[in-house]
> 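Shown below is the structure under consideration.
Order of the sequence lines sets the chain letters (A, B, ...), proteins ahead of strands, with each chain counted from 1. Just so you know, these numbers come straight off a predicted model, no measurement behind them.
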Protein chains: 2
Amino acid sequence: MQTTQMLKGIIDGCILSIIHEGEVYGYELASKLDSYGFESFSEGTIYPILIRLQKDQLIQSTLKKSTAGPKRKYYSLTEKGVEELAGFQKRWDHLSSTVNLILRKGE
Amino acid sequence: MQTTQMLKGIIDGCILSIIHEGEVYGYELASKLDSYGFESFSEGTIYPILIRLQKDQLIQSTLKKSTAGPKRKYYSLTEKGVEELAGFQKRWDHLSSTVNLILRKGE
DNA sequence: AAGCATACCTTGTTTTACAAGATCGTTTAA
DNA sequence: TTAAACGATCTTGTAAAACAAGGTATGCTT
């Protein structure tokens with residue numbers, strides 16, 4: 001069991017939250033997640049999630065020129081995405097308090 | 001995205017922690033998880049996890065008579081399981097503080 | 001003996017995380 | 001001017017996880 005294996009589904013919410021801070025493109029998102037403390041996220045993890053979130057109409061994208069390199073695909077939240085983020089926050093609060101309760105008891 | 005879908009890997013740690021509190025059998029574990037706040041855990045989720053944890057030698061089991069119904073398989077932590085639980089707690093602390101940081105920023 | 005609650009397990013599906021690698025555009029250095 | 005280096009995206013394939021659904025067995029109660 002490694003750190004990353006317990007993140008399933010949670011990254012989605014974190015990505016929504018980071019996008020909610022302000023438009024980002026995938027490559028940038030990877031380094032932001034890293035700087036927040038999620039170290040082992042390759043692009044092979046992130047891009048499929050972005051594609052899935054867009055398919056679910058939680059985020060939308062626009063292409064913009066890069067200062068160097070190919071065009072960047074900037075993502076922003078849709079209205080549905082904002083709602084989903086709020087839902088995730090509630091679920092996260094519930095989850096984290098439940099886990100904390102169990103872990104404290106088990107000491 | 002539903003509540004249960006973001007629990008992957010985390011339940012393992014919670015189950016280890018509950019077993020650490022004291023011997024439990026699978027059926028009992030299901031109701032304990034429920035009372036702690038995890039509502040949607042069917043036995044189809046729990047038994048496979050118990051089998052996996054035992055295969056990984058994190059828990060061990062003994063059969064005991066039930067007051068009513070078939071024999072119960074009581075689980076307890078192995079030494080390796082205790083270590084794994086400690087590791088999970090560290091990972092959980094790291095994960096939850098990271099997620100909280102991201103969620104607070106994204107407001 | 002029929003039904004119910006207790007208790008366990010298996011099968012099959014879907015989703016997820018992730019490694020690995022392919023592709024493409026721009027800048028910079030040889 | 002060619003090629004390396006970097007910025008940026010996407011695809012493919014694999015393994016594991018979560019879960020619904022269903023199956024089996026035991027013992028108690030009526």
> Over how many whole Å does the gap from A/Ile46 atom CD1 to C/dG21 atom P extend?
19 Å

> Using whole Å, report how far CD of B/Gln54 lies from C1' of C/dC8.
13 Å

> Could you state the CG-C1' distance from B/Leu33 to D/dA18, rounded to the nearest angstrom?
14 Å

> Do B/Leu63 and B/Leu77 belong together in a cluster built from hydrophobic side chains that touch within less than 4.5 Å?
no

> How long is the line joining CD1 of B/Ile10 and C1' of D/dA16, in whole Å?
15 Å

> Do A/Phe38 and B/Ile102 have side chains that get closer than 4.5 Å, going by heavy atoms?
yes

> Okay, side chain of B/Asp34, backbone of B/Ala30: is any donor-acceptor separation there less than 3.5 Å?
no

> Restricting to pairs with a member in residues 50-59 of chain A, which pass side-chain hydrogen bond (donor to acceptor under 3.5 Å, both in side chains), not counting sequence neighbours?
A/Asp12-A/Arg52, A/Gln54-A/Ser61

> A/Ile51, A/Ile19: one ILVMFWY side-chain cluster at the under-4.5 Å cut-off?
no

> I want to confirm an ordering. Mapping B/Arg52 and A/Tyr74 to their closest nucleotides on DNA chain D, which one lands closer to the 5' end?
A/Tyr74

> Under the ring pair (Phe, Tyr, Trp, His ring centres under 6.0 Å) test, which residues partner A/Tyr47, sequence neighbours left out?
none

> Through what angle, rounded to 10 degrees, does the axis of the helix from C/dA1-D/dT30 to C/dA30-D/dT1 turn between its ends, using five pairs per end?
10°

> Considering only heavy atoms from C-beta outward, does the side chain of A/Tyr36 approach that of B/Val99 to under 4.5 Å?
no

> Flag the pair A/Asn100 / B/Trp92 as yes when at least one side-chain heavy-atom distance between them is below 4.5 Å, and no otherwise.
yes

> In whole angstrom, give the distance that lies between atom OH of B/Tyr27 and atom P of C/dC4.
15 Å

> Please report the distance, rounded to the nearest Å, between CG in B/Leu63 and P in C/dA7.
13 Å

> Each nucleotide in nucleotides 25-30 of chain C should get exactly one letter: B, S or -. Can you fill that in based on protein heavy atoms under 4.0 Å?
BSS---

> Does A/Gly13 offer a backbone N or O that forms a donor-acceptor pair with the side chain of A/Ser17 under 3.5 Å?
no

> Sequence neighbours left out, what pairs pass salt bridge (Lys or Arg N to Asp or Glu O under 4.0 Å) with at least one residue falling in residues 64-83 of chain A?
A/Glu23-A/Lys64

> Could you tell me the separation between the CD1 atom of A/Ile15 and the C1' atom of C/dC18, rounded to a whole number of Å?
13 Å

> Hey, is the side chain of B/Arg72 poking within less than 4.0 Å of OP1 or OP2 on C/dT6, counting only N and O atoms?
no

> Could you give the CG-to-C1' distance, from B/Leu53 to C/dC9, as a whole number of Å?
16 Å

> Is the phosphate of C/dC8 approached by B/Tyr25 (side-chain N or O, under 4.0 Å from OP1 or OP2)?
no

> Got B/Ile59 and B/Ile15 here, is their nearest side-chain heavy-atom distance under 4.5 Å?
no

> Distances under 3.5 Å between protein N/O atoms and the N/O atoms of nucleotides 10-12 of chain D, please, pair by pair.
residue : atom : partner : partner atom : Å
D/dC10  : OP1  : A/Lys73 : NZ           : 2.2

